[in-house]
Amino acid sequence: QVRLVESGGGLVQPGGSLRLSCAADGFIFSINVMGWYRQAPGKERELVATITEGGNTNYADSVKDRVTISRDNAKNTVYLEIHSLEPQDTAVYYCYTKRPWSQTGYWGQGTQVTVSS
């Protein structure tokens, strides 16, 4: 049973930083593609970053200068660090995983990030 549990969200000041974590269980973590997506009110869910088994990363252009995705296979955990937070970063952030050969993946429950003074 695949389980993805996000944590680390909350209220953050503009210009601040945070680190989101996604703890995974129920699959062979080390071979899966992991990703972070976000969905702001009234908008579609969008890609933030992905990381492959081999550590190759991909970032959305809108965040690539401010975020870092990483994974710790020994801990079955993927992280997203984001800096210089802006109000536009306010969204529910979702952890995602899929097998490299599959188009079907799994979602976590999401963690709310609110950037406000």
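Because only heavy atoms are used, hydrogens play no part in the values below, and waters and symmetry mates are left out as well, while side chains stay in.
The nearest pair of heavy atoms linking Thr111 to Leu20 is CG2-CD2, 4.2 Å. Of all the heavy atoms in Leu4 and Ala24, the pair that sits closest is CD2-CB, 3.7 Å. Heavy-atom minimum distance, Thr57 versus Ile69: CG2-CG2, 3.7 Å.
Taking 4.5 Å as the limit, every side-chain heavy atom of Tyr59 sits out of range of all side-chain heavy atoms of Val48. Side chains of Ser116 and Pro87 form no contact here, defined as non-hydrogen atoms less than 4.5 Å apart. For the pair Ser117/Gln13, a side-chain contact is recorded, criterion being any heavy-atom separation below 4.5 Å from C-beta on. Using a 4.5 Å heavy-atom cutoff, the side chains of Glu46 and Arg38 are in contact.
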Assess whether side chain to side chain contact (heavy atoms under 4.5 Å, CB included) is satisfied between Val5 and Cys22, documenting all intermediate values.
CA-CA 5 Å; Val5 181; Cys22 173; over 6 Å; no
Does the pair Gln112 and Tyr93 meet the rule for a side chain to side chain contact (heavy atoms under 4.5 Å, CB included), with working shown?
CA-CA 6 Å; Gln112 176 71 49; Tyr93 285 70; over 6 Å; no
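Judged by distance alone, the side chains of Glu6 and Gln109 do bring a donor and an acceptor atom under 3.5 Å apart.
From Gln88, atom CD reaches atom OG of Ser62 across 10.5 Å, with rounding to the nearest 0.5 Å. Of the inter-residue distances, the one linking Asn58 atom CG with Thr50 atom OG1 reads 4.5 Å to the nearest 0.5 angstrom. Between atom NZ of residue Lys98 and atom CD of residue Gln103 there is a gap of 5.5 Å, rounded to the nearest 0.5 Å.
No continuous path of ILVMFWY side-chain contacts below 4.5 Å connects Val12 to Tyr94, so the two sit in separate hydrophobic clusters. Transitive grouping of hydrophobic side chains (ILVMFWY, heavy atoms separated by less than 4.5 Å) brings Phe29 and Tyr106 into a common cluster. Residues Val2 and Ile51 fall within the same hydrophobic cluster, defined by Ile, Leu, Val, Met, Phe, Trp and Tyr side chains chained together at heavy-atom separations under 4.5 Å. Tracing side-chain contacts under 4.5 Å through hydrophobic residues (I, L, V, M, F, W, Y), one never reaches Val33 starting from Trp36; they form parts of separate clusters.
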Can you give each donor-acceptor pair under 3.5 Å made by side-chain atoms of residues 77-86, sequence neighbours left out, with the distance rounded to 0.1 Å?
unit_1, atom_1, unit_2, atom_2, d
Thr77, OG1, Lys75, O, 2.8
Glu81, OE2, Arg19, NE, 3.4

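Under the ring-ring contact (aromatic ring centres under 6.0 Å, His included) criterion, Tyr37 pairs with Tyr96, Trp107, sequence neighbours left out.
A donor-acceptor pair is defined here as one N or O able to donate and one able to accept, closer than 3.5 Å; such a pair exists between the side chain of Asp72 and the backbone of Ala74.
Ile28 forms part of a hydrophobic cluster together with Ile31, Trp101, judged by ILVMFWY side-chain heavy-atom separations under 4.5 Å.
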